Amino acid sequence: YKPPGATGATLHQDWISWPGFPESFITVLVAIDPFTATSGATEFYLGEHKRGYLSPRDTQHHVLKASQFEVRPKPLEMEPGDMAIFSCFVPHGSAPNLSSSHR
């Protein structure tokens with residue numbers, strides 16, 4: 001839920017190194033409202049999931065830095081009802097919602 005003016009999500013991976021936590025899950029993202037570059041669409045660092053978990057395995061959530069990657073982020077623009085399924089290791093985040101609509 002991202003109303004107009006809301007900040008974006010930090011760059012991160014969904015997997016956290018909790019003891020016994022599976023390393024094989026996926027994340028499902030379903031658009032309720034349009035995802036556009038202006039409304040803060042989720043941005044993915046494509047191919048970087050192949051590097052595995054990029055943070056210390058200390059059971060904490062870690063924010064990644066864009067400077068860790070040679071690729072540029074790719075915004076995923078979606079219409080309501082669209083769905084994205086991705087690995088828990090895909091680095092992603094989002095920009096602020098600069099539109100006048102919810103996302």
Side-chain angles (χ1 to χ4, degrees):
Y1 177 74
K2 191 183 281 187
T7 59
T10 59
L11 177 55
H12 67 282
Q13 293 172 297
D14 288 342
W15 191 77
I16 297 176
S17 61
W18 296 316
F21 202 65
E23 292 192 36
S24 60
F25 74 85
I26 57 172
T27 298
V28 177
L29 180 63
V30 178
I32 308 253
D33 298 305
F35 281 42
T36 66
T38 305
S39 69
T42 303
E43 299 174 337
F44 294 94
Y45 286 76
L46 300 178
E48 295 295 326
H49 66 285
K50 296 174 188 172
R51 294 173 52 194
Y53 190 57
L54 302 172
S55 298
R57 292 177 176 258
D58 60 4
T59 72
Q60 302 299 308
H61 172 79
H62 292 276
V63 175
L64 302 172
K65 296 180 180 178
S67 61
Q68 290 178 248
F69 308 108
E70 292 183 17
V71 298
R72 307 262 316 148
K74 174 80 173 160
L76 179 65
E77 296 195 359
M78 300 171 67
E79 293 297 324
D82 287 350
M83 179 173 31
I85 300 171
F86 55 97
S87 163
C88 61
F89 292 125
V90 174
H92 63 284
S94 64
N97 183 352
L98 303 177
S99 76
S100 59
S101 303
H102 285 77
R103 190 214 44 93

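None of the values given here were measured: they were computed from a predicted structure.
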Can you measure from [atom1] ([X]) to [atom2] ([Y]) and round to the nearest 0.5 angstrom?
X	Y	atom1	atom2	result
Trp18	Gln60	CH2	CD	10.0 Å
Leu29	Phe35	CG	CZ	4.5 Å
Ile16	Asp58	CD1	CG	9.5 Å
Ser39	Asp33	OG	CG	8.0 Å
Glu48	Glu70	CD	CD	7.5 Å

Taking [X] for its side chain and [Y] for its backbone only, find out whether a donor-acceptor pair lies under 3.5 Å.
X	Y	result
Ser17	Thr59	yes
Gln13	Leu54	yes
Thr42	Leu76	no
Arg103	Gly40	yes

List the atom of [X], the atom of [Y], and the distance in Å for their closest heavy-atom pair.
X	Y	value
Lys2	Ala95	NZ-O, 3.0 Å
Pro4	Ser99	CB-O, 3.3 Å
Ile26	Ile85	CD1-CG2, 3.4 Å

Q: Would you sort out whether Gln68 and Leu11 count as a side-chain contact (heavy atoms from CB on, under 4.5 Å), showing the intermediate values?
A: CA-CA 11 Å; Gln68 290 178 248; Leu11 177 55; 5.9 Å; no
[X]-[Y] co-clustered via ILVMFWY side chain contacts under 4.5 Å:
X	Y	answer
Met78	Tyr45	no
Val28	Phe25	no
Met83	Ile32	no

Q.
For His49 together with Phe86, are the ring centres under 6.0 Å from each other?
A.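 That pair fails the under 6.0 Å test.
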Q) Looking at side-chain heavy atoms only, is the closest gap between His102 and Pro3 below 4.5 Å? A)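 Yes, close enough: below the 4.5 Å cut-off.
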Q. Listed by chain and number, what are the ring pair (Phe, Tyr, Trp, His ring centres under 6.0 Å) partners of Phe89, not counting sequence neighbours?
A.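 Residues passing ring pair (Phe, Tyr, Trp, His ring centres under 6.0 Å) with Phe89: Trp15.
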Q) Can Asp14 and His92 be counted as having a side-chain donor-acceptor contact under 3.5 angstrom? A)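 Present: a donor and an acceptor within the cut-off.
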